[in-house]
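Since the structure comes first, as structure tokens, the remarks are kept for the end.
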Amino acid sequence: MIDLPKYEIFPLGENALTICFGNSISREINLIVTSLSKKIESTKFQGFVECVPAYSSLTVFFELSKAKRKFRTALTAYQIVKSHVEIALQTLEIGQPKEPRLIEVPVSFEKRFAPDLELVAEFAELTESEVIDIYLSSTYRVYMLGFLPGFPYMGEIDPRIAAPRKASPRKQVAKGSVGIAGNQTGIYPLESPGGWQIIGRTEIELFTPNLESPTLFNTGDLVKFVRI
């Protein structure tokens with residue numbers, strides 16, 4: 001048992017519910033989210049589909065008819081699943097987290113791959129080389145995957161270079177682009193529109209759909225960028 005922070009449980013359509021622990025980027029909160037996800041997955045209820053962890057929330061998807069079928073009760077499927085989640089929360093334990101994987105990601109900061117590096121430098125009132133050095137000096141945690149298959153949301157960016165998202169997104173961002181958005185950093189696994197500040201590019205493959213584990217990163221991984 002642990003002392004949980006304040007949380008809220010609410011439906012997300014007919015086939016899902018979300019447990020929200022606020023709206024902050026916190027390693028401690030994210031550890032609670034990932035621990036709860038693993039606990040629910042290990043004690044699957046009738047109709048369970050999947051858990052989707054985010055920074056400070058967890059969404060649990062379920063099949064409406066199967067969740068309801070097992071219990072001959074007036075309770076709705078949402079109420080049944082909510083009860084299961086509440087029991088998981090009441091008995092949640094967070095042990096010493098296992099040693100996370102450390103993944104090195106090679107990045108090129110050449111101007112043709114880094115269209116926003118100059119803008120980030122102007123925002124920070126630093127040189128482009130100083131921005132790169134600050135960016136490379138940190139090790140980043142993968143908090144969640146989303147937006148695109150295998151897109152890692154990582155943090156935290158040094159406040160000195162935490163440039164905000166673009167006011168107007170690009171229609172096309174190249175695959176492998178490395179970007180900054182406030183105190184987050186991420187990598188585009190596929191070509192896509194996007195509004196992050198692009199400061200480099202990597203050739204590493206983040207999403208390989210034909211593999212058993214199609215995404216390179218998992219929640220909780222650590223990432224270290226290295227310059228090439």
At their closest point, which heavy atom of P53 faces which heavy atom of T219, and how far apart are they? CG-OG1, 4.3 Å
Are the side chains of I187 and S177 in touch, meaning some heavy atoms are under 4.5 Å apart? no
Rounded to the nearest 0.5 angstrom, the NZ-CG distance for K38 and L58 is 12.5 Å
Any donor and acceptor pair, going by atom type alone, linking the side chain of T127 with main-chain N or O of E130 inside 3.5 Å? yes
Check the hydrophobic clustering (I, L, V, M, F, W, Y; side-chain heavy atoms under 4.5 Å; chains of links allowed) and say if V173 and I157 are grouped together. no
Using only atom types and a distance under 3.5 Å, with no angle test, would you say the side chain of H84 pairs donor to acceptor with the backbone of T43? yes
E110/R201 ion pair, N-O < 4.0 Å: no
Heavy atoms from other residues, nucleotides or ligands near CD of E203 exceed 12 (cutoff 6.0 Å): no
In sequence, state the C-alpha distance, the side-chain angles, and the governing distance for T215 and L145, and then conclude on side chain to side chain contact (heavy atoms under 4.5 Å, CB included). CA-CA 9 Å; T215 60; L145 302 178; 3.9 Å; yes
When you compare the side chain of E118 with that of K111, does any pair of heavy atoms fall below 4.5 Å? yes
Give me the ring orientation class for Y135 and F109: parallel if the planes are under 30° apart, tilted from 30 to 60°, perpendicular past 60°. perpendicular
Same apolar cluster: F21 and I40, side chain cutoff 4.5 Å: yes
For F225, is the NZ or CZ atom of R227 found under 6.0 angstrom from the centre of its six-membered ring and inside 45 degrees of the ring axis? no
Out of curiosity, Y7 OH to S57 OG, how far, rounded to the nearest 0.5 Å? 14.5 Å
Side-chain donor/acceptor of Q197 to backbone N/O of P164, under 3.5 Å: yes
Between P214 and T208, is any pair of side-chain heavy atoms under 4.5 Å apart? no
What is the distance from atom CD1 of I204 to atom NZ of K175, rounded to the nearest 0.5 Å? 11.5 Å
Under a 4.5 Å cut-off applied to non-hydrogen side-chain atoms, are L117 and I132 in contact? yes
Exactly one of I94, I29, L36, L89 clears side-chain contact (heavy atoms from CB on, under 4.5 Å) with L4, and that residue is L89
Hey, mind stepping through V107 and V226 against side chain to side chain contact (heavy atoms under 4.5 Å, CB included) and telling me if it holds? CA-CA 6 Å; V107 180; V226 293; over 6 Å; no
Donor-acceptor contact below 3.5 Å, side chain S37 vs main chain V33: no
Just by modelled atom types, is the I134 backbone N or O under 3.5 Å from a matching donor or acceptor in the S137 side chain? yes
Could you tell me the separation between the OG1 atom of T76 and the CG atom of L64, rounded to the nearest 0.5 Å? 8.5 Å
Taking all non-hydrogen atoms of both residues, which atom of V131 and which atom of A121 are closest, and how far apart? CG2-CA, 3.7 Å
Please tell me whether Y143 and Y153 form a close aromatic pair, meaning their ring centres lie under 6.0 Å apart. no
ILVMFWY network linking V52 to F151, side-chain heavy atoms under 4.5 angstrom: no
Working note: Q184 + Y55, criterion side-chain hydrogen bond (donor to acceptor under 3.5 Å, both in side chains); need CA distance, chi angles, decisive distance, verdict. CA-CA 11 Å; Q184 308 170 97; Y55 277 112; 2.6 Å; yes
Between K39 and E93, does the salt bridge (charged side-chain N to carboxylate O under 4.0 Å, His left out) criterion hold? Intermediate values first, please. CA-CA 9 Å; K39 185 173 183 66; E93 294 183 359; over 6 Å; no
Mind checking whether F62 and I9 sit in one hydrophobic cluster, side chains of I, L, V, M, F, W, Y counted as touching below 4.5 Å? yes
Minimum side-chain heavy-atom gap T185-V178 below 4.5 Å: yes
Search all heavy atoms of S108 against all heavy atoms of I228 and return the closest pair with its distance. N-CG1, 3.7 Å
Strictly under 6.0 Å, is that where the ring centroids of F147 and W196 end up? no
Okay, side chain of N15, backbone of E63: is any donor-acceptor separation there less than 3.5 Å? no
Nearest 0.5 Å, please: how far is OG in S35 from CG in L92? 6.0 Å
Check for a donor-acceptor pair, side chain of T18 on one end and backbone N or O of C20 on the other, with a separation under 3.5 Å. no
Counting distance only, does the side-chain N/O of T34 pair as donor-acceptor with the main-chain N or O of L31 below 3.5 Å? yes
Y140-I199 co-clustered via ILVMFWY side chain contacts under 4.5 Å: yes
Check this for me: does any side-chain nitrogen of one of E50 and K44 sit under 4.0 Å from a carboxylate oxygen of the other? no
Check whether any side-chain heavy atom of L17 sits under 4.5 Å from a side-chain heavy atom of T59, and report yes or no. no
Below 4.5 Å, heavy atoms only, C-beta onward: do P115 and R170 meet side chain to side chain? yes
What's the separation between atom CG in L102 and atom NZ in K224, rounded to the nearest 0.5 Å? 8.5 Å
Would a distance-only check, ignoring hydrogens and angles, find a side-chain to backbone donor-acceptor pair under 3.5 Å from S26 to E28? yes
For L206 and P152, the nearest pair of non-hydrogen atoms, with its separation, is CD2-CD, 3.6 Å
Measure from the ring center of F207 to the ring center of F217 and say whether it is less than 6.0 Å. no
What is the minimum heavy-atom distance between G22 and S56, and which atoms define it? O-OG, 2.8 Å
Is any NZ, NE, NH1 or NH2 atom of the basic residue among D221 and R141 found under 4.0 Å from an Asp or Glu carboxylate oxygen of the other? no
So which atom in M154 and which in V223 form the shortest heavy-atom distance, rounded to 0.1 Å? SD-CG2, 3.6 Å
Less than 4.5 Å apart, any side-chain heavy atom of I198 and any of Y188? yes
